[in-house]
Amino acid sequence: MTDAPLWSGRFAKPPAPEAEALGRSLGFDVRLAPQDVEASVAHARALEDAGLVTSDEAGQLEKALREVGDAIADGTFAFHPADEDVHSAIERGVTERLGDLGAKLHAGRSRNDLVMTDLRLWLLAAASRIDEGIVRAIRALVVHAREHAETVMPGTTHARLAQPVTLGHHLLAHAWALLRDRERLAQWSARTSVSPLGAGALGTSTLRLDPARTAERLGFARAFENSIDAVSDRDAVQEFLAVIAICGTHLSRLAADVARFTDESLGWASLDDAYATGSSMMPNKRNPDVAELARAKAGRLLGDLTALTSTLQGLPLGYHRDLQEDKEPAFDGADTLESVLAALAGCVETLTFHPEAMREAALAEGLYATDLAEALVRSGVPFREAHRRVGELLRRLEAEARTVRTLSPDEWANLGLPGGAVLLDGDRAVRARSMPGGPSPESVRAQADAIDRALGAERSAR
Ligand code: ARG
């Protein structure tokens with residue numbers, strides 16, 4: 001075997017080194033080697049079914065493919081400077097082992113259908129690892145939520161004190177978002193479980209291969225419906241990146257909460273030493289670098305989606321070499337999200353919350369203003385009027401440098417709320433919000449049960 005490329009018959013000259021360098025994808029697509037071996041074994045069996053190789057020959061092809069795959073995995077495969085990509089390297093390795101028989105392997109297939117087959121297999125496996133990471137993060141949230149179903153904390157809007165909620169309710173808001181990410185990933189997987197193999201370069205082949213049987217061998221749900229679509233489209237990659245970018249956004253918001261809650265000026269939670277970072281200069285520091293990086297990586301995921309989308313837009317149908325640019329964003333996105341999930345899940349699992357600090361913050365009277373207005377509503381006052389009355393009360397007390405807690409029984413009665421002082425209580429406020437989906441302890445427990453049921457296993461436990 002020479003250094004000549006796979007198509008050298010038609011060419012009088014070898015490619016220029018710079019042209020070769022620009023086109024070489026081996027540096028990153030070598031990750032597809034295990035998938036390329038599986039797809040090639042299935043293709044060898046398809047050649048056997050079509051009577052193009054004997055069963056013994058198909059067996060030899062399979063053995064050689066697996067040897068090459070093992071050699072690549074353990075680092076002993078001798079790559080050639082002329083190996084353009086993983087597909088050509090593996091085919092060369094097989095041909096070097098089997099001579100003429102190896103040269104039969106590529107009948108009826110193209111790297112165009114092969115590369116998409118490999119990539120779909122790779123992405124489906126990555127999606128299942130990502131799914132496990134999401135489940136771990138959800139379980140961490142559910143464990144804390146059950147423990148803090150009754151922990152009152154100030155809920156905020158615009159990052160300003162709004163109404164009392166429970167910590168469990170707040171944490172489960174993140175969990176529900178992550179559950180939807182799982183759902184999106186599952187729906188994407190179902191759509192992506194399509195085998196392109198047999199589509200060839202664009203128009204299938206004359207060799208009477210059976211794509212459905214190949215799909216079945218590779219564990220895909222079905223084969224392609226249109227060979228041009230099978231080699232041209234990259235929406236499976238694009239949608240994968242979109243789904244994981246959304247998940248990354250959710251994680252970034254969870255991470256932002258971790259950074260905020262563990263800010264010592266708030267003091268609502270502490271980071272475990274294993275998930276905190278020190279400063280090279282300031283001995284006092286325990287920084288939330290894990291949370292900050294998890295927050296920042298969402299931008300990178302969006303970058304991966306943007307890079308691929310800009311490559312695809314306006315590209316006419318059929319394979320173009322532009323499509324080779326799908327793999328780096330796909331790998332980068334999957335790697336990024338996997339590492340964020342693992343670190344952030346560990347960080348959340350090991351958080352220690354400080355209910356007393358939250359309770360104390362929830363003493364702020366402003367948090368109960370809406371409850372006062374709603375108490376008036378229950379006694380028949382129209383809401384707008386109730387809102388105005390409470391607003392005026394707060395304005396007057398502020399001018400008098402007084403607090404709501406100093407109101408006398410008579411003043412409460414004048415306000416239309418005899419005995420209203422009891423309303424200034426966090427436990428009461430969250431229990432009073434007893435409707436499903438609300439912050440009450442019973443709602444938090446019901447949500448945690450529902451999430452555990454959705455995860456389809458026993459109760460989330462440490
Ligand atoms: N390395 C290429 C890719 O990743 C394989 C397909 C090459 N096909 C071609 N017609 N040049 O897309």
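Start at 1 and go down the list; that is how both ligands and their atoms are numbered.
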Should the pair Phe331 and Trp122 be assigned to parallel (<30°), tilted (30 to 60°) or perpendicular (>60°) ring geometry? perpendicular
Considering residues at least two apart in sequence or located in another chain, which fulfil the side-chain hydrogen bond (donor to acceptor under 3.5 Å, both in side chains) criterion with Thr76? Asp74
Sidechain N-carboxylate O distance under 4.0 Å for Asp49, Arg217: yes
N/O contact list for ligand 1, threshold under 3.5 Å:
from, atom 1, to, atom 2, distance (Å)
ligand 1, 1 (N), Ser25, OG, 3.4
ligand 1, 1 (N), Asp85, OD2, 2.8
ligand 1, 1 (N), Gln324, OE1, 2.8
ligand 1, 4 (O), Lys327, NZ, 2.7
ligand 1, 8 (N), Asn112, OD1, 3.0
ligand 1, 10 (N), Asn112, OD1, 3.3
ligand 1, 12 (O), Tyr319, OH, 2.4

Salt bridge (Lys or Arg N to Asp or Glu O under 4.0 Å) pairs, two or more places apart, involving residues 187-211: Arg191-Glu239
Which atoms form the tightest heavy-atom contact between Met435 and Ser443, and what is the distance? O-CB, 4.0 Å
Going by atom type alone, with no hydrogens or angles, which donor-acceptor pairs under 3.5 Å involve a side-chain atom of residues 287-299 and a protein atom two or more places apart or on another chain?
from, atom 1, to, atom 2, distance (Å)
Asn287, OD1, Lys285, NZ, 3.4
Asp289, OD1, Thr277, OG1, 2.7
Asp289, OD2, Thr277, OG1, 3.4

